[in-house]
K.L.:
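Shown below is the structure under consideration.
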Amino acid sequence: MSSFKDPNAFADPEDSKLVAEAKKVTSEPEEYTYTERDVILYNLGIGATEKELQWTYEGDDQFAVLPTFGVVPQFAASSGLPLDWLPNYNPAKLLHGEQYLSIKAPIPTSGELVNEARLLEVLDKGKAAAVTTIVETRDKHTGKVIFENQSTMFIRGAGGFGGKRSGNDRGAASAANAPPKRSPDAVVEEKTSPSQAALYRLSGDSNPLHILPEFAAIGGFDKPILHGLCFMGIAGKHVLKTFGPYKDIKVRFAGVVYPGETIVTEMWKEGSKVIFSAKVKERNATVLAAGAATLVDGAAKAKL
Ligand SMILES: CCCCCCC[C@@H](O)CC(=O)SCCNC(=O)CCNC(=O)[C@H](O)C(C)(C)COP(=O)(O)OP(=O)(O)OC[C@H]1O[C@@H](n2cnc3c(N)ncnc32)[C@H](O)[C@@H]1OP(=O)(O)O
């Protein structure tokens with residue numbers, strides 16, 4: 001039996017009864033079909049340009065999807081798991097906390113995929129709940145696993161339910177990835193557009209937090225904020241352009257980005273790993289921390 005069908009697959013003896021029951025919920029596999037058009041829309045959404053034809057023109061010999069696209073097919077399955085069992089749950093108070101993506105096979109530029117999603121870990125941070133989902137994404141026809149995602153949602157005001165506070169070691173998905181003390185080996189800067197969130201949301205995350213001022217206000221923000229997966233994608237593009245392809249990537253969303261701000265990604269190459277963080281130039285605020293990507297064997301670009 002697939003572990004996604006076993007109600008106790010992700011049981012943890014330290015979980016409270018409330019959490020143990022929530023973790024037993026299994027859902028039906030969710031399909032995701034996409035075309036080259038969706039690939040171009042995603043690539044544009046994380047800042048690819050008309051000069052980068054390999055990412056924006058389906059007729060290009062090298063036409064490809066940017067690797068962080070791997071977070072997209074699973075999005076509906078992951079964010080569809082019920083959270084209303086949490087005390088004081090308010091979707092406007094939900095922020096994306098962390099993301100881990102493992103790319104297990106070449107990413108097709110179109111396809112039919114199937115996602116299976118479960119709750120993996122639920123932490124009680126007192127003032128907030130930190131809820132991590134796990135999703136396995138397979139090719140619908142071959143059954144081959146293409147992606148694994150682990151997504152942590154940080155839900156402000158929904159803590160205090162008596163669960164455990166600290167998580168288990170989940171390997172690369174929970175690694176602290178502290179940057180080395182030396183100056184970064186590479187820095188890439190990219191200004192986002194004021195319309196960045198309006199464009200990125202067309203790849204599947206229609207959360208009003210990113211477009212509707214009234215909803216953003218309930219969440220505690222003066223104006224709509226950028227999707228975490230959008231600025232993770234932008235930083236992931238910087239890693240790809242600087243060091244080449246990678247097989248996994250992990251970040252912690254450490255601060256919010258407003259559409260129109262400039263993302264500055266700082267990168268350190270440590271063996272086959274690229275450790276990175278990102279800040280917003282205009283406010284000198286860290287927005288991505290604990291970032292790392294594992295390069296595909298032998299792929300590290302020679303220039304550094
Ligand atoms: C893929 C599908 C599922 C995803 C659905 C997502 C839907 C999307 O539409 C939503 C979004 O894209 S929101 C935009 C992206 N996210 C953000 O902008 C969040 C930015 N981060 C913050 O604001 C703060 O770091 C904040 C608020 C997160 C934390 O700041 P503080 O409240 O000041 O926390 P702090 O006091 O420093 O720490 C308290 C405890 O929480 C842990 N923690 C901190 N940041 C975390 C984070 N980002 N993720 C997970 N855990 C986090 C700390 O370690 C600490 O734990 P402990 O007390 O046990 O040490």
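Numbers for residues simply follow the sequence, beginning at 1. None of these values were measured; they are calculated from a predicted model.
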K.L.:
Would L53 end up clustered with L41 when hydrophobic side chains under 4.5 Å apart are linked, directly or stepwise?
P.N.:
no
K.L.:
To the nearest 0.5 Å, tell me how far D205 CG sits from C230 SG.
P.N.:
10.5 Å
K.L.:
In Å, rounded to the nearest 0.5 Å, how long is the span from CD of E121 to CD of E14?
P.N.:
10.0 Å
K.L.:
Look only at the side chain of D185 and the backbone of K269, and say whether a donor-acceptor pair between them is shorter than 3.5 Å.
P.N.:
yes
K.L.:
Let me confirm one number: the OH-CG distance from Y34 to L113, rounded to the nearest 0.5 Å.
P.N.:
5.0 Å
K.L.:
How far apart are the closest heavy atoms of A254 and A289, and which atoms are they?
P.N.:
CB-CB, 4.0 Å
K.L.:
With sequence neighbours left out, what residues match T265 under side-chain contact (heavy atoms from CB on, under 4.5 Å)?
P.N.:
A235, H238, I263, M267, F276, A278
K.L.:
Could you grab the distance from atom CZ of R138 to atom CD of E31, nearest 0.5 Å is fine?
P.N.:
14.0 Å
K.L.:
For residues T35 and D38, is any side-chain donor paired with an opposing acceptor at under 3.5 Å?
P.N.:
yes
K.L.:
For F253, what residues pass the ring pair (Phe, Tyr, Trp, His ring centres under 6.0 Å) criterion, not counting sequence neighbours?
P.N.:
H96, F231
K.L.:
Keeping the roles fixed (side chain from K140, backbone from E112), state whether a donor-acceptor pair exists under 3.5 Å.
P.N.:
no
K.L.:
Following the transitive rule for hydrophobic clusters with a side-chain heavy-atom cut-off under 4.5 Å over Ile, Leu, Val, Met, Phe, Trp and Tyr, establish whether L240 and W268 coincide in one cluster.
P.N.:
no
K.L.:
Before giving the answer on side chain to side chain contact (heavy atoms under 4.5 Å, CB included), spell out for L226 and E261 the whole-Å C-alpha distance, their side-chain angles and the decisive distance to 0.1 Å.
P.N.:
CA-CA 10 Å; L226 190 57; E261 290 186 319; over 6 Å; no
K.L.:
L101 pairs by side-chain contact (heavy atoms from CB on, under 4.5 Å) with which of F69, F147, Y246?
P.N.:
F147
K.L.:
Keeping K250 on the side-chain end and A175 on the backbone end, is there a donor-acceptor pair under 3.5 Å?
P.N.:
yes
K.L.:
Identify the two heavy atoms, one from P106 and one from I146, that lie closest to each other, and give their separation to 0.1 Å.
P.N.:
O-CG2, 4.3 Å
K.L.:
Shared ILVMFWY cluster between I225 and V280, side chains joined below 4.5 angstrom?
P.N.:
no
K.L.:
When you compare the side chain of L209 with that of F221, does any pair of heavy atoms fall below 4.5 Å?
P.N.:
yes
K.L.:
At their closest point, which heavy atom of S27 faces which heavy atom of A117, and how far apart are they?
P.N.:
OG-O, 3.7 Å
K.L.:
Spell out, as yes or no, whether a donor-acceptor pair under 3.5 Å connects the side chain of D139 to the backbone of T142.
P.N.:
yes
K.L.:
For residues 69-95, which residue pairs pass the side chain to side chain donor-acceptor pair (under 3.5 Å) check, not counting sequence neighbours?
P.N.:
S78-T133
K.L.:
Less than 4.0 angstrom from a charged side-chain N to a carboxylate O is my criterion; do E52 and K241 meet it?
P.N.:
yes
K.L.:
For D222, does the CG atom have more than 12 heavy-atom neighbours from other residues, nucleotides or ligands under 6.0 Å away?
P.N.:
no
K.L.:
For E30 and A76, which heavy atoms make the closest approach, and how far apart are they?
P.N.:
OE2-CB, 3.3 Å
K.L.:
For D124 and G162, indicate whether the former's side chain and the latter's backbone hold a donor-acceptor pair under 3.5 Å.
P.N.:
yes
K.L.:
Test side chain to side chain contact (heavy atoms under 4.5 Å, CB included) on Q196 and V257 and set out the steps.
P.N.:
CA-CA 11 Å; Q196 202 77 49; V257 174; over 6 Å; no
K.L.:
Under the 4.5 Å side-chain heavy-atom rule for ILVMFWY, direct or indirect, which residues accompany V114?
P.N.:
none
K.L.:
To check you understand the geometry: which heavy-atom pair defines the closest contact between G70 and P73, and what is its length?
P.N.:
O-CD, 3.8 Å
K.L.:
Judged by atom type as modelled, is there a donor-acceptor pair below 3.5 Å linking the side chain of R118 to the main-chain atoms of T26?
P.N.:
no
K.L.:
Identify whether Y32 and I107 are in the same connected component of the hydrophobic contact network (ILVMFWY, side-chain heavy atoms under 4.5 Å).
P.N.:
yes
K.L.:
Whether K125 engages the ring of F154 as a cation-pi pair (distance to the six-membered ring centre under 6.0 angstrom, angle to the ring normal within 45°) should be assessed.
P.N.:
no
K.L.:
Less than 4.5 Å apart, any side-chain heavy atom of M232 and any of I249?
P.N.:
yes
K.L.:
Any side-chain donor paired with an acceptor under 3.5 Å for T68 and Y42?
P.N.:
yes
K.L.:
Would you say the side-chain atoms of T56 pair up with the backbone N or O of T49, donor to acceptor, closer than 3.5 Å?
P.N.:
yes
K.L.:
For the hydrophobic clusters of this structure (ILVMFWY residues joined by side-chain heavy atoms under 4.5 Å, transitively), does one cluster hold both L86 and I218?
P.N.:
no
K.L.:
For K191 and G260, indicate whether the former's side chain and the latter's backbone hold a donor-acceptor pair under 3.5 Å.
P.N.:
yes
K.L.:
Could you work out, with salt bridge (Lys or Arg N to Asp or Glu O under 4.0 Å) as the rule, every residue matching E270, not counting sequence neighbours?
P.N.:
R182
K.L.:
Any donor-acceptor pair under 3.5 Å linking the side chain of D248 with the backbone of T294?
P.N.:
yes
K.L.:
Is the count of non-hydrogen atoms from other residues, nucleotides or ligands lying under 6.0 Å from K281 atom NZ greater than 12?
P.N.:
no
K.L.:
Could you give the distance from OG1 (T192) to CD1 (I46), rounded to the nearest 0.5 Å?
P.N.:
13.0 Å
K.L.:
Are the side chains of P29 and E116 in contact, using a 4.5 Å heavy-atom criterion?
P.N.:
yes
K.L.:
Looking at every non-hydrogen atom in both residues, tell me the closest pair between V256 and R283 and how far apart they are.
P.N.:
O-NH2, 2.9 Å
K.L.:
If you round to the nearest 0.5 Å, how far is OH of Y57 from CD of E50?
P.N.:
14.5 Å
K.L.:
Determine the sole option in L94, L123, V19, L119 for which the side-chain contact (heavy atoms from CB on, under 4.5 Å) test with V131 is passed.
P.N.:
L119
K.L.:
Between E148 (side chain) and V135 (backbone), is there a donor-acceptor pair under 3.5 Å?
P.N.:
no
K.L.:
Please report the C-alpha distance between H210 and Y200 in whole Å, then the side-chain angles of each, then the deciding distance to 0.1 Å, and finally whether the side chain to side chain contact (heavy atoms under 4.5 Å, CB included) criterion is met.
P.N.:
CA-CA 9 Å; H210 309 295; Y200 182 82; over 6 Å; no
K.L.:
Applying side chain to side chain donor-acceptor pair (under 3.5 Å), which residue pairs with at least one partner in residues 153-165 are found, sequence neighbours left out?
P.N.:
D12-K164, K164-N168
